[in-house]
Amino acid sequence: MTKINSYWLMKSEPDVYSWDDLVAEGEGTWDGVRNYTARNNMRAMQPGDQVFFYHSNIGVEIVGIAEITESNIPDPTDDTGRWSAVKLKPVRKLKRTVTLKEIKADPALADMDLLTKFRLSVSGVKPSEWDYILKLAEG
DNA sequence: GCCAACGTTGGC
DNA sequence: GCCAACGTTGGC
């Protein structure tokens with residue numbers, strides 16, 4: 001099994017589950033996803049994969065980096081067996097957040113799934129995009 | 001298997 | 001709070 005992608009972006013509404021909630025918990029289970037594309041992305045994840053944690057609705061920005069600790073586990077909120085979940089832990093908060101506005105304004109990031117499939121809650125990030133955003137956030 | 005209706009997401 | 005985008009459901 002070859003690794004296709006190691007970088008991801010996961011969206012959460014901060015008033016439901018924020019970066020601080022993840023930090024407080026130490027490890028979070030990402031469940032309740034009811035979108036096939038998002039689920040397929042989650043199934044492709046492997047422990048050790050890096051994830052941008054993104055706040056939707058409020059803030060609308062990437063706030064931190066998390067790491068997948070367990071992948072392809074059954075969704076505890078699902079009784080049909082169709083859906084999957086992953087577990088992740090916080091790695092670190094970005095030195096400064098990177099807003100959607102910035103991402104939209106930057107031609108280097110125009111192809112991000114975040115923009116082209118903006119309703120997708122779990123999307124892939126290319127290594128080049130990952131590096132670029134890290135550079136924006138931390139120089 | 002098509003497609004209209006419906007529901008949800010998420011930016012503004 | 002509104003509305004556009006788009007994924008899912010269900011009737012046929």
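Numbered from 1 within each chain, the chains take letters A, B, ... in sequence-line order.
For the residue pair A/Ser18 / A/Asp20, no side-chain donor-acceptor distance below 3.5 Å is found, with atom types taken as modelled. For the residue pair A/Glu61 and A/Thr99, no side-chain donor N or O sits within less than 3.5 Å of a side-chain acceptor on the partner.
Spacing between atom CD1 of A/Ile58 and atom C1' of B/dC12 amounts to 14 Å, rounded to whole angstrom units. We find that CZ of A/Arg119 is positioned 10 Å from C1' of C/dA4, with the value rounded to whole Å. Nucleotide B/dG10 holds its P atom 11 Å from the CG atom of A/Leu100, rounded to whole Å. What separates OH of A/Tyr54 from P of B/dT9 is a distance of 15 Å, to the nearest Å. In this structure, A/Leu114 places its CG atom 16 Å from P of B/dT9, rounding to the nearest Å. Atom CG of A/Leu120 is separated from atom P of B/dT8 by 17 Å (rounded to the nearest Å). Remark: P of B/dC12 and CD of A/Glu13 are 15 Å apart, rounded to the nearest angstrom. Protein atom CG of A/Asn35 is 13 Å distant from nucleotide atom C1' of C/dA5, rounded to whole Å.
Residue A/Phe53 forms a side chain to side chain contact (heavy atoms under 4.5 Å, CB included) with just one option from A/Leu94, A/Leu9, A/Ile65, A/Leu22, and that option is A/Leu22.
Side-chain nitrogen and oxygen atoms of A/Tyr36 include none within less than 4.0 Å of the OP1 or OP2 phosphate oxygen of C/dC6. In this model, the phosphate group of B/dG10 is approached by a side-chain N or O of A/Lys11 to a distance below 4.0 Å at OP1 or OP2.
Interface remark: the A/Arg34 side chain does not form any donor-acceptor pair with the B/dT8 base, using a distance-only criterion of under 3.5 Å.
Listed nucleotides B/dG10, B/dG11, C/dG7 differ in distance to A/Val60; the shortest reach to its side chain belongs to B/dG11. Which of B/dG11, C/dT8, B/dT9 sits closest to the side chain of A/Lys104 comes down to B/dG11.
When ring centroids are compared, A/Trp8 and A/Tyr54 stay outside the 6.0 Å threshold.
Residues A/Phe118 and A/Phe52 are members of separate hydrophobic clusters, defined by side-chain heavy-atom contacts under 4.5 angstrom among Ile, Leu, Val, Met, Phe, Trp and Tyr.
Summary of the strand contacts: A/Phe118 and A/Asn57 both lie near DNA chain C, and taking for each the nucleotide with the nearest heavy atom, the more 5' one is attributed to A/Asn57.
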